[in-house]
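Here's the structure, in C-alpha cells; my notes come after.
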2 protein chains.
Amino acid sequence: MVSTFEVLAEPRRREILDLLYAGERHVGELVERLGMPQPGVSKHLKVLRAAGLVEVRQEAQRRWYRLRLQPLVEVDQWLRPYRDLWERHLDALERHLDAMPEEGGR
Amino acid sequence: MVSTFEVLAEPRRREILDLLYAGERHVGELVERLGMPQPGVSKHLKVLRAAGLVEVRQEAQRRWYRLRLQPLVEVDQWLRPYRDLWERHLDALERHLDAMPEEGGR
DNA sequence: AGCGTATATACCGGTAGGGGTATATTCCTC
DNA sequence: GAGGAATATACCCCTACCGGTATATACGCT
C-alpha cells in the first residue's frame, strides 16, 4: 500500500486534487486542463483512487471523479504537532523565518 | 529543486523529523534510533537540508541537526483549503468518512 | 604528526515510478 | 451489431532514488 505522502509527492496528482477541489470532474475535463495525454491522467487517477484520495461515479461512458478528504485529514494529523510548534511559539517561527531572505509565496 | 512533498514521501525522513521534533540531535543519535547504517542517515539528512527542513550546527566532530519549520508551513498552506472544507462542512466529512467500514488509526 | 572518532561523499546495483504509444474495454446510438 | 466516444490497461523505455559498501574529510587529543 502506498502512503498518502508518496501519492502527494507527484505534482500532477496534486494538480488533479486542486482541480477536483472545485467539484466533480470527468476524465476528459482533467485531460484538457492538465494538458497531458489521457493514459497518464488515468494512471494518476488510479493511484489516487488506490490511496483513497478520490472516488469515481460512473455515468454512461463518463467517469466522474471527486475528492475524498479522509487521507488528507491524516496528513493534517501528522502535521498537527509541528503546526502547534509554530502556532504556540510565534517568536520561534520568526526565528526560523528570518533565516530566509525573502519568501516565495504560493 | 526538490519539493517538500517529495522529501516527505520517504518514511525514514519523516521519522527523522519526528525525532528532531523533540529537539536537536546529532547524527550518531539518529543512526542509533533509526537502526539504519550511518551513510543512509547522512544521505537523508542531506536531502532534508537541501529542502530546508533541517539545519546543522557543528560542534567539534559532532553535527547537531534541528528542525526548520518553514517548509512545513508551506505544506500546511497547501493543505489549508482542504482543511477548510472538512472543518466547515462537518457533515460533508462524515459523508466522506462513512464510506470507510473502519478507521485504521495512526 | 599520528590516531580515533564522527560524519560526509563516491560508487554501484537493483527497482519502482513516470511518460509515451498502442490496444483493450465499456457503453451509447443508430 | 456496427461504429464511435470515453476511459482503462499493457507494454516499453528511461531515469531517479534507495540501500549498501568503501572511502574521504574534518576534528580533537596526545
Side-chain angles (χ1 to χ4, degrees), chain A residues 1-20 22-68 71 75 78, chain B residues 1-20 22-68 71 75 78:
Chain A
M1 205 206 69
V2 191
S3 85
T4 305
F5 281 103
E6 289 173 62
V7 176
L8 294 180
E10 251 294 317
R12 306 284 198 163
R13 289 197 282 260
R14 292 199 302 278
E15 271 187 77
I16 291 177
L17 295 183
D18 287 341
L19 287 172
L20 294 181
E24 269 191 339
R25 293 268 159 79
H26 62 85
V27 182
E29 241 176 315
L30 296 172
V31 168
E32 185 187 1
R33 304 227 180 195
L34 293 169
M36 77 178 289
Q38 173 267 317
V41 174
S42 284
K43 203 173 171 185
H44 283 309
L45 286 171
K46 184 178 188 173
V47 176
L48 287 166
R49 211 171 349 126
L53 278 159
V54 301
E55 57 187 357
V56 208
R57 178 174 66 83
Q58 189 157 359
E59 180 184 300
Q61 309 97 333
R62 294 254 165 94
R63 308 239 176 151
W64 295 86
Y65 282 84
R66 66 171 175 180
L67 269 181
R68 283 194 67 250
V75 170
W78 179 83
Chain B
M1 206 205 68
V2 192
S3 85
T4 305
F5 282 102
E6 290 173 61
V7 176
L8 295 179
E10 250 295 316
R12 306 285 197 163
R13 289 197 282 259
R14 293 200 301 279
E15 270 187 79
I16 291 177
L17 294 183
D18 287 341
L19 287 172
L20 294 180
E24 270 190 339
R25 293 269 159 79
H26 61 83
V27 182
E29 240 176 315
L30 296 173
V31 168
E32 185 187 1
R33 303 227 181 197
L34 294 168
M36 76 178 288
Q38 174 267 317
V41 174
S42 284
K43 205 173 174 189
H44 283 309
L45 286 171
K46 184 179 189 173
V47 176
L48 288 167
R49 212 173 346 127
L53 277 160
V54 302
E55 58 187 357
V56 208
R57 180 175 65 84
Q58 190 157 359
E59 181 184 298
Q61 310 99 329
R62 293 256 164 93
R63 307 239 176 151
W64 295 85
Y65 281 84
R66 63 170 175 181
L67 268 181
R68 282 193 67 250
V75 170
W78 178 83

Original post:
On DNA chain D, which is the earliest and which the latest nucleotide, 5' to 3', with an atom closer than 4.0 Å to a heavy atom of chain B?
Top reply: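 So the contact region on DNA chain D extends D:dC18 to D:dG28.
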
Contacts to DNA chain D from [range], heavy-atom cutoff under 4.0 Å, which residues?
range	result
residues 57-64 of chain A	A:Gln61, A:Arg62, A:Arg63
residues 42-53 of chain A	A:Ser42, A:Lys46
residues 26-34 of chain B	none

With sequence neighbours excluded, what pairs up with [X] under the side chain to side chain contact (heavy atoms under 4.5 Å, CB included) test?
X	result
A:Arg49	A:Lys46, A:Val54, A:Val56, A:Tyr65
A:Glu24	A:Arg57, A:Trp64, A:Arg66
A:Thr4	A:Leu8, A:Leu53, A:Pro71, A:Val75

Subject >> By side-chain hydrogen bond (donor to acceptor under 3.5 Å, both in side chains) - contacts of B:Glu6 (at least two apart) >> reply: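 B:Ser3.
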
Original post:
What residues, two or more places apart in sequence or in another chain, satisfy side-chain hydrogen bond (donor to acceptor under 3.5 Å, both in side chains) together with A:Glu29?
Top reply: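 Result, side-chain hydrogen bond (donor to acceptor under 3.5 Å, both in side chains) vs A:Glu29: A:Arg25.
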
Original post:
How far apart are the C-alpha atoms of A:Val47 and A:Val2, what are their side-chain angles, what is the distance that settles it, and do they pass the side-chain contact (heavy atoms from CB on, under 4.5 Å) test?
Top reply: CA-CA 9 Å; A:Val47 176; A:Val2 191; 5.5 Å; no

Original post:
When you measure from the side chain of B:Arg68 to the backbone N and O of B:Gly52, does any donor-acceptor pair fall under 3.5 Å?
Top reply: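 Flag set: sc B:Arg68 to bb B:Gly52 pair under 3.5 Å.
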
Original post:
Taking only residues two or more places apart in sequence or in another chain, which ones pass salt bridge (Lys or Arg N to Asp or Glu O under 4.0 Å) with A:Glu15?
Top reply: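 Result, salt bridge (Lys or Arg N to Asp or Glu O under 4.0 Å) vs A:Glu15: none returned.
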
Which side-chain N or O atoms in residues 31-45 of chain A pair as donor and acceptor under 3.5 Å with protein atoms at least two apart or in another chain?
residue: A:Gln38; atom: NE2; partner: A:Ser42; partner atom: OG; Å: 3.0
residue: A:His44; atom: ND1; partner: A:Arg13; partner atom: NH1; Å: 3.2

Original post:
In whole angstroms, how far is the P atom of C:dT25 from the CD atom of A:Gln38?
Top reply: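 Whole-Å distance recorded here is 15 Å.
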
